[in-house]
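Every chain is numbered from 1 and lettered A, B, ... according to where its sequence line falls, protein lines coming before strand lines. In this text the structure is predicted, and so the values were computed from the model without any measurement.
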Amino acid sequence: MPLRFFNTYSRALEEFHPLDPTGREVKMYTCGPTVYSHAHIGNFRAYLFEDLLQRHLELREFKVHRVMNITDVDDKTILGSRSAGVPLAEFTAPFKQAFFEDLDTLRIERADSFPEATDPRQIAAMIEMIKTLMARDLVYQADDKSVYYRINKFPEYGHLAHFDLSELRSTGRVKSDEYDKEHVGDFALWKAWDEADGPVKWESPWGPGRPGWHIECSAMATQLLGEQLDIHCGGVDNIFPHHEAEIAQTEGCTGKKFVRYWMHCAHLMVDGQKMSKSLGNFYTLRDVLAKGYSGREVRYALMRVHYRAPLNFTWEGMEESREALRRIDDWLARLRAKAEEDNVQRPTPKAFASGASNIQRPTEEGSGFEDALDDDLNISGALGVLFETIRETNRALDLGMLDPNAASSWLQWWQRIDRVLAISGEETAALSAEISAIAEARVQARLAKDWRKSDELRDELAAKGWEARDTKDGQKITRRDGV
RNA sequence: GGCGGGGUAGCCAAGUGGUAAGGUCGGGGUCUGCAAAACCUCUAUUCGCGGGUUCGAUUCCCGCCCCCGCCUCCA
C-alpha cells in the first residue's frame with residue numbers, strides 16, 4: 001500500500017516520495033513553541049501528530065531528519081521578561097526546560113536539533129537572508145526602520161492558504177503599522193528596536209532590532225536541512241500568514257520549491273472552542289497530570305483522533321483513554337504470562353472453527369495496522385485493527401488455543417506497532433513491602449475462606465491504587481490508574 | 001464576505017456505490033464465594049436536512065442548515 005499524505009498545498013492526498021535520490025532520507029521541519037509560558041495540550045496535540053508522523057515514517061524505514069525551532073524572542077517573551085524584571089534568556093530558560101520535560105512525559109521523540117531564535121548563528125543567518133531579499137528588491141525598509149516583505153512582488157503569496165490578497169482584511173488584532181507599509185499584507189522580517197524592547201536588540205544593516213517570527217523558520221530550516229524540505233508541519237493556524245511568509249522568504253532567496261508536502265493538524269477544542277492562551281480556555285500538561293493522569297494517557301487521548309479532525313478535549317475522553325489503555329495492558333499481561341509458559345507442544349484441545357487458524361500468528365492483522373497509518377495516518381483505523389486483534393487473541397486464550405509461541409509472536413507484533421504508538425505501560429510495577437504484605441494477608445484469608453476479610457483487603461489495595469483479581473492461577477495484583 | 005475543517009449510536013470515532021470497524025458507557029449472560037478481567041450478547045432499519053443520478057447512496061451531484069477555525073499573536 002502506498003504511503004500517502006494530505007498536502008495542504010494541493011488540498012489532495014498525494015503519494016509520499018522524498019526528494020532524496022535513495023528515497024530513504026526525509027527532511028522534516030516542525031514549528032515549535034514560543035517559550036513565554038508552559039505549552040498547553042493543544043500545542044502538544046500538534047507535536048504528538050508530528051511524533052506519530054515521524055515514528056510511522058521510521059517504521060517504514062525512512063531516515064527522518066527533523067528540526068524544531070524554539071522561539072525565544074518575540075513580543076510576549078520580551079513582555080514577560082520585563083514584567084519579571086529579569087533578562088530575556090533568564091526568563092525563557094525555565095520554559096525551555098519545562099518544554100523538554102513535557103516532551104519526555106508524552107514520549108515524543110526528540111528532533112535532531114532544536115535551534116533557538118536568539119542563537120547568534122541563527123540571527124546571522126536571518127540577516128543574510130534578508131540581505132539577499134533586499135538585493136532582489138523583495139523587501140524594503142519602511143519609515144519605521146523595520147524591514148517588510150513586498151508581497152506584491154511574490155506572485156505565489158497566498159497560494160498555500162488559497163487567499164486572494166485583495167481580500168485581506170485587517171482584523172485589528174495586532175498593532176497597526178499600516179501607515180509604514182506599502183501593502184497591508186506586507187509582513188516584518190526585521191523589527192526595528194523601540195523603547196518597549198528594553199535591552200533586547202541585535203545590530204543589523206538596518207539598525208538595531210530583532211528578527212520577525214517568520215524569518216526564523218526560513219533561516220533555521222535552510223541552515224539545518226537545506227533549501228528544500230520534504231515535509232513541513234504545524235497547526236492549521238500557521239498556514240496563514242506564517243507558512244505563507246516562510247515560502248515567500250525562502251523561495252525568494254533560493255528560487256527553489258521550499259516544501260514538497262505541507263501537513264497541518266486541526267485544533268484541540270475545549271467546550272467547542274479552540275484551546276488557546278488568549279481565550280484562557282487551556283490546560284497545560286501539568287494541569288492534566290495534576291488530575292492524576294499519566295503522560296501516556298494524555299498521549300493516547302490526544303493521538304487517537306485523526307490529525308485533520310478537530311478534537312474536543314474532555315475529562316470523559318481522558319477516562320475513555322485510561323480504560324482503553326487498561327484493556328491493552330491486561331491483554332499484554334496475559335500474553336506475557338502465556339509466553340512464559342514452557343514451550344512444550346501440547347495437543348490442541350479442539351479444532352479451531354474454520355478461519356480461526358490465522359489467529360495463531362500475526363499475519364493479516366499485522367499489516368492492517370500499518371496499512372491504516374499509510375493512509376494519511378489513519379490512527380482510528382489502525383487502533384480498530386489493534387482492538388480487533390486483542391479481542392480475537394483473548395478469545396483464543398480463553399479457549400486455550402493460543403500456545404506460548406503464538407503469544408510470543410503477538411508480543412513481537414505489539415512491540416513493532418508500539419514503536420509508533422509508544423503507549424506501553426510498565427511491564428512490572430514493583431510491589432512495595434506494604435502492598436506485598438496486604439496481598440499475602442489476602443491470600444491467607446482466602447485460603448481460610450474468610451471472604452469478609454478478603455474483601456476488606458481487596459478494598460484496601462484498591463484505595464492504594466492496586467487491583468486484586470482472583471484467577472484460576474491464584475491472586476493477581478495490578479497497578480491501576482495514572483500509570 | 002473569502003478560504004478551509006467538521007456534522008455517523010449516550011459519548012469518542014473509522015468506513016465503503018451494495019446496505020454501518022473499533023473504543024467507552026449502559027443492559028443481559030458464561031465464569032467467580034462475591035467481584036474483577038476475559039469472552040458471548042443487546043444498544044444506529046440508519047450515517048445534519050431536502051432534492052437528483054443509480055437496480056441500489058451514508059458513500060457521487062445540486063441546494064440548504066448547524067458547529068469550528070483562518071483572513072497577519074496563535075500548534
Side-chain angles (χ1 to χ4, degrees), chain A residues 8 11 30-34 36 39-50 74-76 151 158 161-175 177-178 184-188 213-214 233-242 244-245 264-269 272-279 300-301 304-306 308-312 314 316-317 319-328 330-331 333-334 372 378-388 390-392 394-399 446 449-452 454-455 458 462 467-472 476 478:
Chain A
T8 306
R11 311 276 161 141
T30 50
C31 290
T34 300
Y36 70 104
H40 60 66
I41 55 174
N43 302 126
F44 283 112
R45 182 193 188 192
Y47 308 143
L48 279 164
F49 141 63
E50 291 153 2
D74 79 320
D75 289 348
K76 283 177 284 200
I151 61 170
H162 294 207
F163 279 174
D164 179 344
L165 296 192
S166 63
E167 298 279 344
L168 285 188
R169 296 178 174 187
S170 176
T171 56
R173 290 201 306 177
V174 291
K175 180 177 68 176
D177 43 15
E178 290 166 27
V184 46
D186 290 353
F187 58 88
W213 177 43
H214 314 307
C233 307
V236 287
D237 49 1
N238 277 163
I239 296 172
F240 193 93
H242 185 52
E244 204 71 72
H264 295 93
C265 81
H267 286 130
L268 185 65
M269 320 286 288
Q273 277 195 308
K274 168 184 165 184
M275 181 177 287
S276 75
K277 298 261 174 80
S278 52
L279 288 170
Y300 183 88
R304 65 184 175 137
V305 173
H306 189 263
R308 282 192 291 115
L311 165 57
N312 201 27
T314 61
E316 190 181 1
E319 280 303 310
E320 286 181 13
S321 299
R322 166 168 289 178
E323 293 308 317
L325 287 177
R326 173 177 293 192
R327 182 166 165 75
I328 295 169
D330 288 343
W331 172 66
R334 278 190 92 179
N378 182 355
I379 187 70
S380 301
L383 290 172
V385 171
L386 169 62
F387 285 106
E388 282 176 6
I390 288 175
R391 179 164 39 73
E392 288 169 11
N394 272 331
R395 186 193 303 149
L397 283 163
D398 279 356
L399 295 171
R446 292 182 56 71
K449 295 202 186 297
D450 183 348
W451 307 127
R452 171 186 286 225
S454 164
D455 291 349
R458 179 165 60 199
E467 183 180 60
R469 282 186 200 159
D470 304 310
T471 73
K472 65 181 187 328
K476 298 266 196 259
T478 318

Visitor: Looking at residues at least two apart in the chain, or sitting in another chain, which of them share a side chain to side chain contact (heavy atoms under 4.5 Å, CB included) with A:Ser276?
Guide: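 Expected list: A:Lys274, A:Ser278, A:Leu279, A:Asn281.
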Visitor: Hey, does A:His306 reach any base, or is it just sugar-phosphate, or nothing, if we go heavy atoms under 4.0 Å?
Guide: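 Answer is sugar-phosphate: A:His306 comes under 4.0 Å of backbone atoms only.
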Visitor: With a 4.0 Å cutoff (strictly under), does any side-chain N or O of A:Asn394 reach OP1 or OP2 of B:C39?
Guide: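 Answer is yes, contact under 4.0 Å.
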Visitor: What contact category does A:Gly317 fall into here, base, sugar-phosphate, or nothing, at under 4.0 angstrom with non-hydrogen atoms?
Guide: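 Result for A:Gly317 = nothing.
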Visitor: Could you tell me the separation between the CG atom of A:Asp237 and the C1' atom of B:G4, rounded to a whole number of Å?
Guide: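 Rounded to whole Å, this separation is 13 Å.
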Visitor: For A:Lys274 and B:G5, is the shortest distance between a side-chain N/O and OP1 or OP2 below 4.0 Å?
Guide: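 No, no such contact exists.
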Visitor: Between A:Arg452 and A:Asp455, does the salt bridge (charged side-chain N to carboxylate O under 4.0 Å, His left out) criterion hold? Intermediate values first, please.
Guide: CA-CA 5 Å; A:Arg452 171 186 286 225; A:Asp455 291 349; over 6 Å; no
Visitor: With sequence neighbours left out, write down each residue that passes side chain to side chain contact (heavy atoms under 4.5 Å, CB included) with A:Thr30, or none if nothing qualifies.
Guide: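 Residues passing side chain to side chain contact (heavy atoms under 4.5 Å, CB included) with A:Thr30: A:Met28, A:Glu50, A:Arg66, A:Met68, A:Cys233.
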Visitor: Going by ring pair (Phe, Tyr, Trp, His ring centres under 6.0 Å), name the residues that satisfy it together with A:His306, two or more places apart in sequence or in a different chain.
Guide: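 In terms of ring pair (Phe, Tyr, Trp, His ring centres under 6.0 Å), with neighbours along the sequence ignored, A:His306 is linked to no residue.
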Visitor: Does a nitrogen or oxygen in the side chain of A:Asn378 sit under 4.0 Å from OP1 or OP2 of B:G15?
Guide: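 For B:G15, OP1 or OP2 has a side-chain N or O of A:Asn378 closer than 4.0 Å.
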Visitor: Identify whether any heavy atom of A:Leu268 sits under 4.0 Å from a base atom; if not, whether one sits that close to sugar-phosphate; answer base, sugar-phosphate or nothing.
Guide: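 If one applies the 4.0 Å heavy-atom cut-off, A:Leu268 turns out to touch a base.
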Visitor: For nucleotides 31-35 of chain B, print each protein N/O atom paired with a nucleotide N/O atom at under 3.5 Å, atom names and distance only.
Guide:
{"unit_1": "B:G33", "atom_1": "N7", "unit_2": "A:Arg446", "atom_2": "NH1", "d": "3.4"}
{"unit_1": "B:G33", "atom_1": "O6", "unit_2": "A:Arg446", "atom_2": "NH1", "d": "2.5"}
{"unit_1": "B:G33", "atom_1": "O6", "unit_2": "A:Ser454", "atom_2": "OG", "d": "3.4"}
{"unit_1": "B:G33", "atom_1": "N1", "unit_2": "A:Asp455", "atom_2": "OD1", "d": "3.0"}
{"unit_1": "B:G33", "atom_1": "N2", "unit_2": "A:Asp455", "atom_2": "OD2", "d": "2.8"}
{"unit_1": "B:C34", "atom_1": "O2", "unit_2": "A:Arg458", "atom_2": "NH2", "d": "2.7"}
{"unit_1": "B:C34", "atom_1": "N3", "unit_2": "A:Arg458", "atom_2": "NH1", "d": "3.1"}
{"unit_1": "B:C34", "atom_1": "N3", "unit_2": "A:Arg458", "atom_2": "NH2", "d": "3.4"}
{"unit_1": "B:C34", "atom_1": "N4", "unit_2": "A:Asp470", "atom_2": "OD2", "d": "3.0"}
{"unit_1": "B:A35", "atom_1": "N6", "unit_2": "A:Asp470", "atom_2": "O", "d": "2.6"}
{"unit_1": "B:A35", "atom_1": "N1", "unit_2": "A:Asp470", "atom_2": "N", "d": "2.9"}
{"unit_1": "B:A35", "atom_1": "N3", "unit_2": "A:Arg458", "atom_2": "NH1", "d": "2.9"}

Visitor: Using the side chain to side chain contact (heavy atoms under 4.5 Å, CB included) criterion, which residues pair with A:Asp330? Sequence neighbours excluded.
Guide: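 In terms of side chain to side chain contact (heavy atoms under 4.5 Å, CB included), with neighbours along the sequence ignored, A:Asp330 is linked to A:Arg326, A:Arg469, A:Arg480.
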Visitor: Could you tell me whether the phosphate oxygens of B:G69, OP1 or OP2, come under 4.0 Å of any side-chain nitrogen or oxygen in A:His267?
Guide: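 Result: no.
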Visitor: Please enumerate all residues that pass side-chain hydrogen bond (donor to acceptor under 3.5 Å, both in side chains) together with A:Thr8, with sequence neighbours excluded.
Guide: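 A:His264.
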Visitor: Going by the rule side-chain hydrogen bond (donor to acceptor under 3.5 Å, both in side chains), which residues pair with A:Arg446 if we only count those two or more places apart in sequence or in a different chain?
Guide: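 side-chain hydrogen bond (donor to acceptor under 3.5 Å, both in side chains) check on A:Arg446 returns A:Asp470.
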Visitor: Without decimals, in angstroms, what is the distance between A:Glu467 CD and B:A37 P?
Guide: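 A:Glu467 atom CD is separated from B:A37 atom P by 7 Å.
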Visitor: Return the nearest nucleotide to the side chain of A:Arg334; candidates are B:C70, B:A38, B:G6.
Guide: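 Of the candidates, B:A38 comes closest.
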Visitor: What string of B, S and - do you get for nucleotides 20-30 of chain B, 5' to 3', if B is base contact, S is sugar-phosphate-only contact and - is no contact with any protein heavy atom under 4.0 Å?
Guide: -BSBSS-----
Visitor: Would you compute the distance between atom CG of A:Leu386 and atom CD1 of A:Ile379 and round it to the nearest 0.5 angstrom?
Guide: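 Interatomic distance, A:Leu386 CG to A:Ile379 CD1, rounded to 0.5 Å: 9.0 Å.
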Visitor: Could you tell me whether A:Ala266 contacts a base, only the sugar-phosphate backbone, or nothing, with contacts defined as non-hydrogen atoms closer than 4.0 Å?
Guide: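 Base contact - A:Ala266 has a heavy atom under 4.0 Å of at least one base atom.
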Visitor: Run the ring pair (Phe, Tyr, Trp, His ring centres under 6.0 Å) test against A:Tyr300 and tell me which residues pass, sequence neighbours left out.
Guide: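 Applying ring pair (Phe, Tyr, Trp, His ring centres under 6.0 Å) to A:Tyr300 gives none.
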Visitor: Applying side chain to side chain contact (heavy atoms under 4.5 Å, CB included), name anything that partners A:Lys277, two or more places apart in sequence or on another chain.
Guide: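 A:Tyr36, A:Ser37, A:His40, A:Asn43, A:Phe282.
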Visitor: Locate the shortest heavy-atom distance separating A:Ala266 from A:Pro310; write the atom from each residue and the value.
Guide: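 Scanning both residues, the minimum pair turns out to be CB-N, 3.7 Å.
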Visitor: Could you list the residues that satisfy side-chain hydrogen bond (donor to acceptor under 3.5 Å, both in side chains) with A:Asn312, not counting sequence neighbours?
Guide: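 Partners of A:Asn312 by the side-chain hydrogen bond (donor to acceptor under 3.5 Å, both in side chains) criterion come out as none, since no residue qualifies.
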Visitor: With nearest nucleotide decided by heavy atoms, which residue, A:Cys31 or A:Asp330, maps closer to the 5′ end of RNA chain B?
Guide: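 It is A:Asp330, whose closest nucleotide lies nearer the 5' terminus.
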Visitor: Please list every stem that involves RNA chain B, where a stem is a run of 3 or more consecutive Watson-Crick or G-U wobble pairs with both pairing distances under 3.5 Å.
Guide: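 Stem list for RNA chain B: B:1-7 with B:65-71, B:10-12 with B:22-24, B:26-30 with B:38-42, B:48-52 with B:60-64.
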